[in-house]
Amino acid sequence: MPQIVLSQTVQKIKPSATIAAAAKAKELKNTGVKVYEFTLGEPDFATPAHICEAAKKAMDAGQTHYTPVGGIPELKKAICDAYARDYGLKYQPAQVMASNGAKHSIHNVLTALCGPGDEVIIPAPYWVSYSDLVELAGATPVIVSTTEESGFVLSPEQLKAAITPRTKLLMLNSPSNPTGGVYTPAQLEALAQVAVEKDIWVLSDEIYEKLIYGDATFRSFASFGQEVYDRTIIVSGVSKAYAMTGWRIGWTLAPVEITKAMDKLQSQETSNPSSISQHAAIAALLGPQDCVEEMRLKFAERREYVLKRMQGLPDVTFAPPAGAFYGFFNVSRHFGKTLGGGRIVKDATEFCTAILETAHVALVTGDAFGAPGYVRLSFATDLETLKNGFDRIEGFLKG
Ligand code: PMP
Ligand code: GLU
């Protein structure tokens with residue numbers, strides 16, 4: 001057996017913590033234990049029937065071959081039509097590129113725009129993959145922590161202070177994974193002004209755009225005038241809004257030149273995303289939209305429940321989520337105390353291990369999101385599981 005020396009790049013990155021936490025929960029489940037699973041952020045609903053029908057039709061019609069790298073013209077047009085319909089934003093098909101999920105889209109943006117010597121500003125808490133995807137591109141993540149008191153919102157002053165001559169890009173995610181926070185239009189506009197003034201790019205990850213609750217509103221970052229539009233790359237996809245995580249369709253909306261660069265990159269990496277999934281995504285975007293609202297209402301009901309239960313947890317603090325489907329709460333007051341099963345933990349990672357092993361509740365550690373002391377609970381699951389899960393979390397915290 002030859003000595004295996006892995007590349008510097010792959011040695012530098014960590015495995016996705018959300019996927020690892022889900023795998024750990026599954027391992028325990030496979031031993032016959034009933035596990036209360038709140039790790040992966042993926043809708044528990046079936047993909048709506050009319051979307052599946054479109055995929056079957058595509059297969060029957062022989063749409064089973066390579067397509068243009070960045071997607072078929074019909075999909076690019078459908079994406080443009082959906083942005084015009086939903087947000088009044090004008091995009092040309094030449095600005096659109098479809099990839100194998102939004103994660104792949106983010107990788108394309110970072111690889112096309114950033115490299116050694118470039119800094120990428122990431123407000124924390126951030127989605128697990130951001131910092132590693134920046135590292136994969138050879139660039140340097142610059143993490144800027146935000147506070148629970150501010151609703152985990154990056155202020156224009158914080159952004160200004162983090163910008164250096166090497167800053168290339170800001171990564172924003174509203175509604176946010178893991179906090180569920182949603183920036184107000186005014187907060188976004190203030191950041192947009194800084195981006196224009198300081199001449200930096202903005203990757204706006206809008207994958208949770210349709211999952212908004214209460215008084216919060218969604219506003220696309222590209223909608224604050226031409227100067228902002230010109231420096232914004234929107235990332236989104238069908239995974240969350242249409243319960244299509246397994247179909248692997250994400251996209252970018254970007255200036256034509258950047259889109260061409262990403263097309264070149266993808267032509268050498270993966271070629272087109274699945275031809276069948278592309279047809280399904282067209283049906284999702286152009287078909288009836290009531291399925292999106294039906295699922296949102298279910299998530300809204302679960303969010304209400306989760307809010308109530310988080311409020312009832314002893315010595316736990318949180319900023320109420322206004323979007324996405326995550327509860328994100330601070331458990332650091334419990335560190336060093338005796339918890340359920342007699343465990344004493346010193347950080348959120350140990351907390352997650354202990355609660356999984358003793359109460360069989362699977363959460364994701366905030367350490368993975370650049371937020372020590374916090375844990376994330378995905379409420380993309382049924383109310384019954386949420387109820388039993390919170391009963392167990394409460395029992396665990398009470399020791
Ligand atoms: N961005 C955020 C903020 C996410 O939470 C996720 C994962 N669900 C993605 C991007 C990637 O989505 P996809 O499954 O389409 O790759
Ligand atoms: N994005 C989801 C999550 O945060 C799915 C898993 C992943 O791709 O990280 O749980």
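Counting convention: from 1, in listed order, for ligands and their atoms alike.
In this structure, atom 9 (C) of ligand 1 lies nearest to the protein heavy atom Trp127 CH2, 3.4 Å. Among protein heavy atoms, atom 2 (C) of ligand 1 sits closest to Asp205 OD2, 3.3 Å. The single protein non-hydrogen atom nearest to atom 1 (N) of ligand 2 is Trp127 NE1, 3.4 Å, given as residue, atom name and distance. Counting protein heavy atoms only, atom 12 (O) of ligand 1 is closest to Ala102 CB, 3.6 Å. Atom 5 (C) of ligand 2 has its closest protein heavy atom at Gly41 O, 3.8 Å.
Thr270 and Asn100 share a side-chain donor-acceptor pair at under 3.5 Å.
Phe152 and Phe328 have perpendicular rings, their planes meeting at more than 60° on a 0 to 90° scale where under 30° would count as parallel. Using cut-offs of 30° and 60° on the angle between ring planes, the pair Phe221 and Phe224 is perpendicular. Aromatic ring pairs are classed by plane angle as parallel below 30°, tilted from 30° to 60° and perpendicular above 60°; the pair Tyr130 and Tyr126 is parallel. Using cut-offs of 30° and 60° for the angle between ring planes, the Phe379 and Tyr213 rings count as tilted.
Within a 6.0 Å radius of CD in Glu197, more than 12 heavy atoms belonging to other residues, nucleotides or ligands are found. Heavy-atom contacts from other residues, nucleotides or ligands closer than 6.0 Å to CD of Glu227 number 12 or fewer.
Inclusion of Asn177 in the set of residues having an N or O under 3.5 Å from an N or O of ligand 1 is warranted. Checked against a 3.5 angstrom limit, the closest N/O atoms of Ile249 and ligand 1 fall outside it. When only interatomic distances are considered, the shortest N/O to N/O separation between Tyr326 and ligand 1 does not fall below 3.5 Å.
Heavy atoms of Thr245 come nearer than 4.0 angstrom to ligand 1 in no pair at all. Taking a 4.0 Å cut-off on heavy atoms, Ser129 fails to register as neighbouring ligand 2. Under the 4.0 angstrom criterion for non-hydrogen atoms, Phe369 is not in contact with ligand 2. Within the structure, the closest approach of Lys103 to ligand 2 falls below 4.0 Å when heavy atoms are considered.
How far NZ of Lys14 is from OG of Ser129: 9.5 Å, rounded to the nearest 0.5 Å.
For ligand 1, the atoms sitting less than 4.0 Å from at least one non-hydrogen atom of Ser239 are 13 (P), 14 (O), 15 (O), numbered in the order shown with element in parentheses. Less than 4.0 angstrom separates some heavy atom of Asn173 from each of these atoms of ligand 1: 3 (C). With ligand atoms numbered from 1 in the order given, ligand 2 contributes 3 (C), 4 (O), 10 (O) to contacts under 4.0 Å with heavy atoms of Arg376. Residue-ligand proximity, Lys240 to ligand 2, at heavy-atom distances under 4.0 Å covers atoms 1 (N), 2 (C). Listed by number with element, the atoms of ligand 2 under 4.0 Å from a non-hydrogen atom of Ser16 are 9 (O). When each atom of ligand 1 is checked for a heavy atom of Gly101 under 4.0 Å away, the hits are 15 (O), 16 (O). Residue Thr18 has at least one heavy-atom neighbour below 4.0 Å for each of these atoms of ligand 2: 3 (C), 4 (O), 6 (C), 7 (C), 9 (O), 10 (O).
Under 4.0 angstrom from ligand 1, the non-hydrogen atoms of Arg248 all belong to its side chain. Looking at Lys240 against ligand 1, only its side chain comes within 4.0 Å, counting heavy atoms. At a heavy-atom distance under 4.0 Å, no atom of Val364 approaches ligand 2.
Stacking of Lys337 on the aromatic ring of Phe335 is not recorded, the 6.0 Å distance cut-off and the 45° axial limit not both being met. Under the 6.0 Å distance and 45° angle rule, Arg219 does not count as a cation-pi partner of Tyr87.
Salt-bridge annotation for Lys29 and Glu37: absent, with no side-chain N of the basic residue lying under 4.0 Å from a carboxylate O of the acidic one. A salt bridge links Asp44 to Arg302: one of the charged nitrogens lies within less than 4.0 Å of a carboxylate oxygen. Here Asp81 does not pair with Arg85 in a salt bridge; the nearest charged N to carboxylate O distance is not below 4.0 Å.
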